[in-house]
Each structure stands twice: as C-alpha cells, then as structure tokens.
Participant: 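Okay, here's the structure, questions in a sec.
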Amino acid sequence: MVTSAVNHYFRSSIGRKQLVAVTGLLLCGFLVGHLAGNLLLMVSSNAFNLYAHKLFSLGPMLYVIEAGLAGIFILHLGLAFKLNMENMKSRGKYEQKTKTGRGTTFASQTMPYTGLILLIFLVLHLISLKFGTHYEVTVDGVVMRDLYRTTIEYFSSPIATAWYVFAMLTAALHTSHGFASAFQSMGWNHGKYFKNVKRLGLIYAILVGAGFAGLSIWCHLKGG
Amino acid sequence: MSSENMTLNLKIWRQKGAQTEGKLVDYRVDGVSPDMSFLEMIDVLNEQLVRKGEDPIAFDHDCREGICGMCSMNIDGKAHGGFKNTTTCQVHMRLYNNGDTIVIEPFRAQAFPLVKDLAVDRSAIDKVMMKGGYISANTGNAQDGNAILIPKPIADEAMDAAACIGCGACVASCPNGSGMLFMGAKISQLALLPQGQPEAPLRALKMVHEHDSLGFGNCTNHAECEATCPKGISIEHIARMNREYLKAAFTYHEKTRT
C-alpha cells in the first residue's frame, strides 16, 4: 500500500496539481534570481558581462543547473497541460453562458493561455539572447562573451521591446493567480494568513512584471 | 417587488433522456405570487402543462427548506440562482420582477449525467462518500459527551464543513467540473475531530482516488465553488484536504491500519 499510495499520488488530481504548485513556486524563485542578475545591466556593461562570465565558468555544473531548470519547467507545463485537457472534458457545457466571476478572475481563467504565451516567449528568448549573436570583449585581461552588447542590440528594435513588455505583463498575470494558488494547492491556506499570501502574490506579480518590462524599455532607450 | 401576481417568461431545458438531444423551450407562466418559492413557480407551470396534456418538467426536489440539497438547477447561468447562501428552494419569486425572462438549465458536469429535463444523476457524490465519508470505529455504548474534549474553535470549524448538503453546486459551477469543495468539506470535517483521526489517512486516499475515477475535474483554485456554495463553505477546507492527502500519500502504512 505504501508504494501504491505514492504511485497513486503522482497520478491523482491533487498530487499532480501539487507538483504544478511546487514547480511553479520554484520558477517564481528563478525569476527573482534572473531579475536580480539582469539588474546588473543598469550598473555597467562590465558588471553584467562579469556576472554572465561567472555563470558560464561554472562549466559542467551549469549544465546540471540548466537541466534541472528545464526539468522543472517541462514538469510544470506538461502536468498543467494534462490537467487542463482533462478539465476541458469534465466541465459542464452550458447552453447559456454561465456567469462566473464571483470566484474566478481574469487571471485564473486565462492560466492555460498565458502559460502558452510564456512558453513561446521562452523559446524565442533563448534563441534571441542565449543563442543570439556572439560578441567578445576583454575585461581585466580576460576574454569573455559580450552579452551586454547582444542584449542592447536586440532591444534596439521597438518590436522586440514591445513583445517583451507584453510577455512580461503576461507573466505578471500568470503569477498573480499562480503564486497564491500554489499555496492553496499545498494546503497552506488558513484564515489567519492567507490574505497576506494573496497580497504577497500580487506584489510579487507586479514587481516581477514591472521589473522585467521596465528593464526591456531601459535597454531599448539605451540602444536607441 | 410588488405583491401583485407576476407573469414570467421562462426558457427551460427540455430533454427526454440521456440519449436524446435537448433544447431550451420557451414558456410563459401566469399567476406567480411573489411569495412563492422558485420551485413552487415551476409547480404552477407544471400544473398548466398537465392541464394542456403536455409532459411536465422533471426536476429534483425534496425538503424544500434548504437542507436536503436536491434542488439542483442552474438559473440564469448560476447554480441555485447565485443568491448568497441560498438553495433553489429558498429563492423566492419576489427577487424577480414581473415580465422577467429566466433561463433554467440542469446542473452540468461530466460526473453528473442528465436523466431528464432538469434532473441529473448526482450519485457520483454518494460514491465518493461511500469510500470514507464516515467513521466506522466500533465505540460500544455512547459515552459521556464531555469525555472527548474538542476546543470550541475546532468544533465550529468542523461544523462549518459539516454544513455541506451534497447538492453539487460546487461541481456545477466549477469551470473544471471538480468535486473538491464537496469532498474537501467531508475530509476536513472528519480530520478536525478526534473521532475522525484513526481513519484519516485511508479516508483521504480512498475518497480522492474515487473522486478522480468518476469523471470529476481537477481543481485549479478558481474558488468559484466557494462563492456558489449555498452553505458558504470555504476553500480552506480544500486546502486542509490537500494537506491530508499529501500526508497520507507519503506516510500511510498498511500496518498502521485501524
């Protein structure tokens, strides 16, 4: 029964949504780290390039971290996709449009769509920056990748900037539901503190959305 | 809001059986008193239909005092009409105006197959209940009520969950057709009380697995159920169930079975 209970867990509705919740919160944590690193763009080109070089210097360790991150991401979207497909089947199909919105929010109803936009964004984001134009620069006698130049060049395009701002507002919408929702899924909802969890989720969404979107605009102004 | 009798235009879902096609049919019902309940208004319409020799509208109802949970219908796009903490039978016609058009559909969800017209088969809810929504420990003679001490706030919380009447409005209003609020209320109620403790892990495992196998959807925390529930049950109880289930899935041992 022990193994079968654990087996069932990974196939059950609650087990799978808890995995979506945990992976979602981990991705939320990643975004904070990513944003903090990116803010070095505003410090100086050297500061940002040195930071990027530090990460590249991790060597094989970097691949392990990247693989872990990819795993978390794939688990998150794969399970969410599966759960959503099942829900499309199980929901009631009313003749008259049902009036929701007493509990549901725009953010909660659009989770699969905002998620899909973020997936497209992620692929394009990796192509255009991580695997983007390769420049080199020498800082303190060390030859390293000039990721700063790649970034500023990329954002010189107003279309690219607009797309990033849009995608980051989407991320804000996605996390505005996802953050607090993850706590509920894990069972961390009590009248005593859940209001504050919801508030924290909202603050998180605004900070991350505004932070990344603002940074895109800053890069655009810098390059333009 | 007058005391005059009203005339209402109704659009009601008519369907002969699960295998046939259904559609919304227009009806006009006269002589509706504002003091009537929603179900009495349908009774008046049915009497008119019977007099005309037509098939009356099938709908579920029983106690008509808000405690049995039978009166399942979706009124104007909301389960039980969407009035706060109110079942359909407790909706009174004074809440409507003369000449209003009201759309009435059955509760819809994959787990609730339609039987006829507005009546659906909600036995999936009973099937989940049968997997553990009770206490089976033999206790012998009833002991003194004060022998088991339960703090008042805990007793109150358990009572809030126990208020569930199993009407299925949470399932019908859920954008995913999930039965988590109903199931969460029962698992939470029994998990809060000492009498429910011995069977708590097995209850959580069995009920959740039964729920998943009956065509209910997965909860995505919209909280639409909480807003719709005629007994005002909070999704905090779903959270407690999530905790209970997580705990049970990773710690339950056959050996510790009681």
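Letters A, B, ... are given to chains in the order of the sequence lines, protein chains preceding strands, and every chain is numbered from 1. Computed from a predicted structure; not experimentally measured.
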Participant: So, B/N176 side chain and A/S90 main chain: donor-acceptor pair closer than 3.5 Å or not?
Facilitator: no
Participant: Taking atom CZ as the centre, does B/F83 end up with more than 12 heavy-atom neighbours from other residues, nucleotides or ligands that are less than 6.0 angstrom away?
Facilitator: yes
Participant: Nearest 0.5 Å, what's the CG-CE distance between B/N242 and A/M186?
Facilitator: 8.5 Å
Participant: Compare every heavy atom of A/N189 with every heavy atom of B/E236, then report the nearest pair and how far apart it is.
Facilitator: CG-OD1, 3.3 Å
Participant: Report yes or no: does A/R91 contribute a side-chain atom to a donor-acceptor pair with the main-chain N or O of B/G177 at less than 3.5 Å?
Facilitator: no
Participant: Quick check on A/F106: does its CZ atom have over 12 non-hydrogen neighbours (other residues, nucleotides or ligands) under 6.0 Å away?
Facilitator: no
Participant: Would you say B/N221 and A/S108 make side-chain contact, with heavy atoms under 4.5 Å?
Facilitator: no
Participant: Which heavy-atom pair separates B/A249 from A/V6 by the least distance, and what is that distance?
Facilitator: O-CG2, 3.3 Å
Participant: Can you find a pair of side-chain heavy atoms, one from A/L83 and one from B/T220, that are under 4.5 Å apart?
Facilitator: no
Participant: Who wins among B/R243, B/E244, B/K11 for the most heavy-atom pairs under 4.5 Å with chain A?
Facilitator: B/R243
Participant: A/E95, A/E86, A/H190, A/K89: which one forms the most heavy-atom pairs within less than 4.5 Å of chain B?
Facilitator: A/E95
Participant: Using non-hydrogen atoms and a 4.5 Å limit, figure out which bit of B/P201 sits close to chain A: side chain, backbone, both or neither.
Facilitator: neither
Participant: Rounded to the nearest 0.5 Å, how far does CE of A/M85 lie from CG of B/N218?
Facilitator: 12.5 Å
Participant: Checking heavy atoms, do the side chain of B/T228, its backbone, both or neither come under 4.5 Å from chain A?
Facilitator: both
Participant: Quick one: closest heavy-atom pair of A/R102 and B/A227, and the distance?
Facilitator: CB-CB, 3.6 Å
Participant: Hey, does A/K17 have a side-chain heavy atom less than 4.5 Å from the side chain of B/C219?
Facilitator: yes
Participant: Keeping the roles fixed (side chain from A/N87, backbone from B/G217), state whether a donor-acceptor pair exists under 3.5 Å.
Facilitator: no
Participant: What I'd like to find out is whether the side chain of A/Q18 reaches to under 4.5 Å of the side chain of B/L246, using heavy atoms alone.
Facilitator: yes
Participant: Looking at every heavy atom in both A/T104 and B/P175, which two are closest together, and how far apart are they?
Facilitator: CG2-CG, 3.6 Å
Participant: Is the shortest side-chain heavy-atom distance between A/H8 and B/L205 below 4.5 Å?
Facilitator: no
Participant: Going by heavy atoms in the side chains, are A/I14 and B/H211 under 4.5 Å from each other?
Facilitator: no
Participant: Which heavy atom in B/R108 sits nearest to a heavy atom in A/K93, and how many Å separate them?
Facilitator: CD-O, 2.8 Å
Participant: Report the relative orientation of the aromatic rings in B/F250 and A/F10; use parallel for angles under 30°, tilted for 30 to 60°, perpendicular for over 60°.
Facilitator: perpendicular
Participant: Over all heavy atoms of both residues, which pair between A/S12 and B/H209 is shortest? Give the atoms and the distance, please.
Facilitator: CB-CD2, 4.3 Å
Participant: If you count heavy atoms of other groups shown closer than 6.0 angstrom to OH of A/Y113, is the number above 12?
Facilitator: no
Participant: Has A/Q96 got a side-chain atom pairing as donor or acceptor with B/L24's backbone, closer than 3.5 angstrom?
Facilitator: no
Participant: Donor-acceptor pair, A/Y94 side chain versus B/G77 backbone, under 3.5 Å?
Facilitator: no
